[in-house]
Every structure is written in structure tokens, then in C-alpha cells.
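Here is the structure we will look at, set down as C-alpha cells.
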Amino acid sequence: MRLATWNVNSIAARLPRLLEWLEQTAPHVVCLQETKIADALFPRAEIEALGYEVAPHGLGQWNGVAVLSRVGLEGVTAGLPGAPPTTPPEARALGARCAGVRVWSVYVPNGREVGHPQYVYKLDWLRALHAVLAAELESERELVVCGDFNVAPTDADVWDPEAFATSTHITVPERQALAELRALGLEDVVPRPLKYDRPFTYWDYRAGNFHKNLGMRIDLVYATAEVAAAVTDAYVDRDARKGKGPSDHAPVVVDLRDPAPPGGLLPSGAASGEGG
DNA sequence: ATGCCTTATTTCATAAGA
């Protein structure tokens with residue numbers, strides 16, 4: 001199964017590129033962020049025409065997430081229970097079950113500035129995410145949380161930590177929030193870069209930052225051990241950041257071995273012909 | 001060439017992104 005996550009920065013603006021990318025990349029499940037569109041206006045027909053079921057969660061022109069799947073889409077839950085209330089309300093999370101895997105698409109608040117009310121909101125939101133995932137992980141074995149976390153997990157995930165010394169995205173409390181998610185049993189599925197040494201997923205539109213590779217790794221895939229063990233490849237599709245009218249984020253693509261056959265794992269020593 | 005920002009709405013200007 002091929003799983004992907006992509007902050008498209010407006011699905012209306014990105015639709016031609018998204019459709020082209022879906023046809024070329026052929027993911028089975030796609031988590032989208034910053035769709036920036038109300039559900040009633042979501043370009044459902046164009047995406048369904050490519051064989052996907054669509055679960056959007058958008059409340060207006062800002063934020064917005066979605067899950068696309070061509071391997072089943074059940075148990076959709078829009079929104080993050082326990083998230084801090086906002087005016088107007090914000091659509092930043094959606095969960096669904098696709099081919100037996102519980103999949104979350106999340107768009108963590110930016111935070112704006114350290115100490116800003118938006119920064120407090122960001123940390124509160126991450127706490128709410130932690131609580132929801134902790135509850136689900138009591139019964140879910142195959143779960144993956146994909147999205148724009150707006151946090152660079154380590155200094156190596158920022159092109160220049162000095163440039164962010166007083167900024168959000170790298171502070172101890174933000175990184176601690178990620179560490180607490182990992183402490184639930186979630187593993188950071190680090191993709192390989194297709195060029196250069198680090199798997200950045202975001203480059204500012206300004207000043208030719210993409211072309212200078214001045215990026216950040218803030219789009220993450222956090223997976224349970226069962227899912228992480230099935231990963232055969234993971235990469236940042238930086239080609240999608242090139243050309244005319246790109247998002248400022250690149251997709252992260254993760255390939256997983258086919259799930260175990262119905263009835264569970266084969267008995268130890270009885271496996272044959274596996275490894276495909 | 002990958003090529004120096006783009007999205008949105010309160011639109012010919014401004015706020016926000018990270």
C-alpha cells in the first residue's frame with residue numbers, strides 16, 4: 001500500500017497539480033492539509049473520477065484537511081475531540097479507517113510567535129491530539145498520524161537552527177509534544193530525500209529558498225510499530241515542489257508491505273514466499 | 001534550469017504562512 005501526506009496550500013489553487021500527481025504517483029491513501037475549502041465546495045467529483053473515496057473536513061477558507069482512499073474509507077471522524085475552542089471553529093484533523101489502518105490527517109496550528117496566544121493554542125492542540133491518540137491506541141495496532149505538524153523534530157530538520165533561534169517550530173515545548181506522541185508507541189517514519197542530504201518537506205516560497213535547499217522537515221508520518229515495520233520505502237517527492245504553481249510543501253510518500261492475510265500473521269516458521 | 005512568494009479576503013492593499 002502506498003500512503004502519502006501533502007500540505008497542498010489550497011486545494012482549489014492546487015487541483016490541476018494534485019490530479020496530475022495522483023495519476024503519476026498512484027497512492028492508495030492520501031492525507032491532505034490546508035485544503036482551505038468548505039466541504040460543500042471540495043472538488044469531490046474530480047478526485048472520485050480517479051478512483052478515490054473522499055472524506056473532507058473544511059469549515060471555510062482556512063485550514064482544512066482530508067483523506068482520500070481507494071482501499072476503503074470507513075469510520076470517518078471529522079475534528080479533534082478536546083481541541084481548544086476557537087472563533088471561528090477550525091478544521092485541523094480527520095480520522096478514517098483505510099484497509100484496516102486507522103489514518104489521521106492533521107494540520108497542527110502554526111503558533112505564529114513564541115508566547116503568542118497562537119503558540120499556547122498550538123501546544124494545547126497537541127495535548128488534545130495526544131489524548132485522542134492515547135485513547136485510540138488502547139485498541140488500535142495499525143495506526144498512522146500524517147500531516148503538517150509545524151514542528152521540526154531536531155535541529156537537523158531545519159536548514160539553519162540559528163535562523164530559527166527565536167522562532168516557533170523548534171522550541172523545547174513543541175519538540176517535547178512530539179516526543180510525547182512518540183512515547184505512545186508512534187515512530188517517526190523518516191523519509192529519504194531525493195536530493196541533498198536531509199529530507200526537508202517545506203521551503204518558503206520567498207527568496208529562492210527551494211532552489212537553495214533552505215527547508216524544514218515539518219510534515220511527518222508517525223506510525224505504530226506494526227505499521228513502521230511494514231515500511232519498505234519512504235521519500236520526499238521534491239519534484240512536486242518544482243515547476244509552475246507548486247505548494248510550498250512537498251508530499252511525503254510511504255510504501256508499506258501488503259497487510260497480513262485475514263486471520264492474522266502466519267504462524268512462526270510457516271511463512272513461505274513472503275517479502276513481497 | 002528547480003529559479004527568487006502565494007494564498008486568502010476586507011482586492012489595486014493587507015495579513016498570514018513557517
Side-chain angles (χ1 to χ4, degrees), chain A residues 5-18 20-21 24 32-38 41-43 58-66 86-92 106-123 125-126 147-175 177-178 193-220 235-252:
Chain A
T5 182
W6 192 9
N7 178 324
V8 292
N9 185 16
S10 170
I11 198 169
R14 213 68 54 218
L15 189 59
R17 289 198 59 140
L18 173 63
E20 177 185 47
W21 181 83
Q24 291 179 350
L32 300 176
Q33 301 85 38
E34 283 209 82
T35 51
K36 294 187 175 179
I37 200 164
L41 299 174
F42 195 92
L59 300 172
Q61 298 81 358
W62 303 106
N63 313 301
V65 292
T86 60
T87 305
E90 299 179 352
R92 293 182 175 276
V106 301
Y107 176 48
V108 177
N110 171 285
R112 205 165 297 181
E113 297 173 18
V114 178
H116 192 281
Q118 285 289 318
Y119 178 79
V120 177
Y121 170 52
K122 179 180 194 173
L123 295 176
W125 199 94
L126 283 165
D148 178 356
F149 283 73
N150 270 317
V151 181
T154 73
D155 280 354
D157 295 312
V158 182
W159 62 272
D160 180 10
E162 289 297 314
F164 288 83
T166 61
S167 305
T168 57
H169 292 63
I170 68 162
T171 68
V172 169
E174 291 168 280
R175 287 178 170 169
L178 292 188
L194 294 184
K195 189 176 181 182
Y196 304 118
D197 59 335
R198 290 181 285 175
F200 295 146
T201 65
Y202 162 85
W203 301 260
D204 196 298
Y205 282 125
R206 290 167 286 191
N209 276 12
F210 175 64
H211 316 289
K212 302 170 187 168
N213 199 34
L214 305 182
M216 310 173 75
R217 185 173 76 96
I218 55 176
D219 298 273
L220 308 176
Y235 67 94
V236 180
D237 186 1
R238 70 189 304 282
D239 289 344
R241 181 63 177 77
K242 300 176 183 177
K244 182 177 173 57
S247 170
D248 43 1
H249 296 250
V252 176

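Quick caveat, the model's predicted, so the values are computed rather than measured. Only this structure's heavy atoms are used, side chains among them; waters, hydrogens and symmetry mates stay out. Order of the sequence lines sets the chain letters (A, B, ...), proteins ahead of strands, with each chain counted from 1.
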- Here the distance between atom P of B:dG17 and atom OH of A:Y202, to the nearest Å, is 11 Å

- Sticking with atom C1', work out how far B:dA18 lies from B:dA13, rounded to a whole angstrom. 23 Å

- Item | Whole-angstrom distance between B:dT11 and B:dA16, as gauged at atom C1' | 16 Å

- Please state whether the phosphate of B:dA8, meaning OP1 or OP2, lies under 4.0 angstrom from any side-chain nitrogen or oxygen of A:S10. yes

- Message: What contact category does A:G245 fall into here, base, sugar-phosphate, or nothing, at under 4.0 angstrom with non-hydrogen atoms?
- Response: nothing

- Query: For atom P, what is the distance between B:dA1 and B:dA15, given to the nearest Å?
  - Reply: 37 Å

- Item | A:Y107 side-chain N/O to B:dA18 phosphate OP1/OP2 under 4.0 Å | yes

- Message: Expressed as a whole number of angstroms, how long is the span from A:N7:CG to B:dG17:P?
- Response: 12 Å

- Message: Just the rounded figure in Å: distance from C1' of B:dA15 to CD of A:Q118.
- Response: 13 Å

- For A:T35 against A:V8, the heavy-atom pair lying closest together: CA-CG2, 4.4 Å

- Item | Working for side-chain hydrogen bond (donor to acceptor under 3.5 Å, both in side chains), residues A:D237 and A:W21 | CA-CA 10 Å; A:D237 186 1; A:W21 181 83; 2.7 Å; yes

- Rounded distance in Å - CG (A:D248) to C1' (B:dG3): 16 Å

- Does A:H169 make a side-chain N or O approach to OP1 or OP2 of B:dG17 shorter than 4.0 Å? no

- Query: When you match A:T168 and A:N9 each to their closest nucleotide on DNA chain B, which lands nearer the 5' end?
  - Reply: A:N9

- Message: Taking the basic N atoms (NZ, or NE/NH1/NH2) and the acidic carboxylate oxygens, is any pair closer than 4.0 Å for A:D204 and A:K212?
- Response: no

- Upstream residue (5' side of DNA chain B) when A:F210 and A:D204 are each assigned their closest nucleotide: A:F210

- Scan A:R217 against the nucleic acid and name what it touches under 4.0 Å (heavy atoms): base, sugar-phosphate only, or nothing. nothing

- Tightest non-hydrogen contact, residues A:I218 and A:H169, listed as CG2-CD2, 4.2 Å

- Taken to the nearest whole Å, OH/A:Y205 to P/B:dT6 is 7 Å

- Roughly how far apart, to the nearest Å, are B:dG17 and B:dG3 at atom P? 25 Å

- B:dT9 OP1/OP2 closer than 4.0 Å to side-chain N/O of A:Q61: yes

- Task: Could you check if a side-chain atom of A:K122 sits within less than 4.5 angstrom of a side-chain atom of A:E174, using non-hydrogen atoms only?
- Result: yes

- Item | Under-4.0 Å side-chain N/O to phosphate OP1/OP2 contact, A:R206 with B:dT6 | no

- Query: With respect to the phosphate group of B:dA18, does any side-chain polar atom (N or O) of A:R112 fall under 4.0 Å of OP1 or OP2?
  - Reply: no

- Message: In whole Å, measure the gap between the P atoms of B:dT14 and B:dT10 for me.
- Response: 16 Å

- Item | Result of checking A:Y196, A:W203, A:W159 against A:N213 for side chain to side chain donor-acceptor pair (under 3.5 Å) | A:W203

- Query: Is the distance from OP1 or OP2 of B:dA18 to the nearest side-chain N or O of A:N150 less than 4.0 Å?
  - Reply: yes

- With a 4.0 Å cut-off on heavy atoms, is A:D219 in touch with a base, just the backbone sugar-phosphate, or nothing at all? nothing

- Note on the structure: From CZ of A:R14 across to C1' of B:dT7 the rounded distance in Å is 8 Å

- Measure the distance from CG on A:L41 to C1' on B:dA8 and round it to the nearest whole Å. 14 Å

- Whole-Å distance, A:H249 NE2 to B:dA18 C1', equals 7 Å

